[in-house]
Amino acid sequence: MKVVVSACLLGEACRYDGCSKKEDRVLTFVEGKEVIPFCPEAPVFGTPRGRISVVATEEGMLRVKKDADGSDVTEALIEQTEVLIKAHPDADRIILKAKSPSCGIATTPILDESGNEIGKGNGVAADLLLHAFPDVEITDEGGF
Ligand code: SF4
């Protein structure tokens, strides 16, 4: 069984703040399985890095932007996620980190262009994975 997992849940210190979010329940679940660590942000921005957020633009689009200067980093994250999808089309299970602008599933804060939270949604990588793997169980670490 091949399981794609947000790398920070496996204990990799790849979060923006240089920390991990190791989840023992996830580690127990993946024991004996083929594990594919996935972090779309670290290869692009390095670690540690500035925060990014999902922003609903005035044109009605959801984009991922750097908090510091508002620059749009959506395409880079899409590219990283597409690399994973192409490399592992046979994934059997996907476990993602909640609340992340990349990995969150319905838990990611959506901001307006002034930085106010206006709701919750998917991170950009999670959204792509949900569409690419419609028959695969995809949850965050709360799904255990
Ligand atoms: S939540 Fe996703 S993008 Fe953020 S550190 Fe974890 S694996 Fe990387």
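Note that the coordinates shown come from a computational prediction; the quantities given were computed from them, not determined experimentally. Atoms within a ligand are numbered from 1 in the order they appear, just like the ligands themselves. Scope of the values below: all heavy atoms of this structure, side chains included, with no hydrogens, waters or symmetry mates.
We find that Asp72 and Lys65 are not joined by a salt bridge, their nearest charged nitrogen and carboxylate oxygen being 4.0 Å or further apart. Taking a cutoff of 4.0 Å between a charged side-chain nitrogen and a carboxylate oxygen, Glu75 and Arg63 qualify as a salt bridge.
Residues forming a side-chain contact (heavy atoms from CB on, under 4.5 Å) with Glu12 (at least two apart in sequence, or on another chain): Ala7, Cys14, Pro37. In terms of the side-chain contact (heavy atoms from CB on, under 4.5 Å) criterion, residue partners of Val136 (sequence neighbours excluded) are, by chain and number, Ile94, Phe133, Ile138.
Protein heavy atom at the shortest distance from atom 7 (S) of ligand 1 is Phe38 O, 3.3 Å.
Protein contacts to atom 6 (Fe) of ligand 1 involving N, O or S atoms at a distance below 2.8 Å are Cys8 SG.
With 3.5 Å as the limit, one finds no donor-acceptor pair spanning the side chains of Arg15 and Ser100.
For the pair Ala42 and ligand 1, no heavy-atom separation below 4.0 Å is found. Within the 4.0 Å heavy-atom cutoff, Arg49 counts among the residues contacting ligand 1.
With a 4.0 Å heavy-atom cut-off, ligand 1 is reached by no atom of Lys99.
Sorted by first and then second residue, the pairs that involve residues 41-59 and meet side-chain hydrogen bond (donor to acceptor under 3.5 Å, both in side chains), not counting sequence neighbours, are Tyr16-Arg51, Glu41-Arg49, Glu41-Ser102, Thr47-Arg49, Ser53-Asp67, Thr57-Glu59.
The number of heavy-atom neighbours closer than 6.0 Å to NZ of Lys22, taken from other residues, nucleotides and ligands shown, is 12 or below.
The cluster map of Ile, Leu, Val, Met, Phe, Trp and Tyr, joined by side-chain heavy atoms under 4.5 Å apart, puts Val73 and Leu111 in different clusters.
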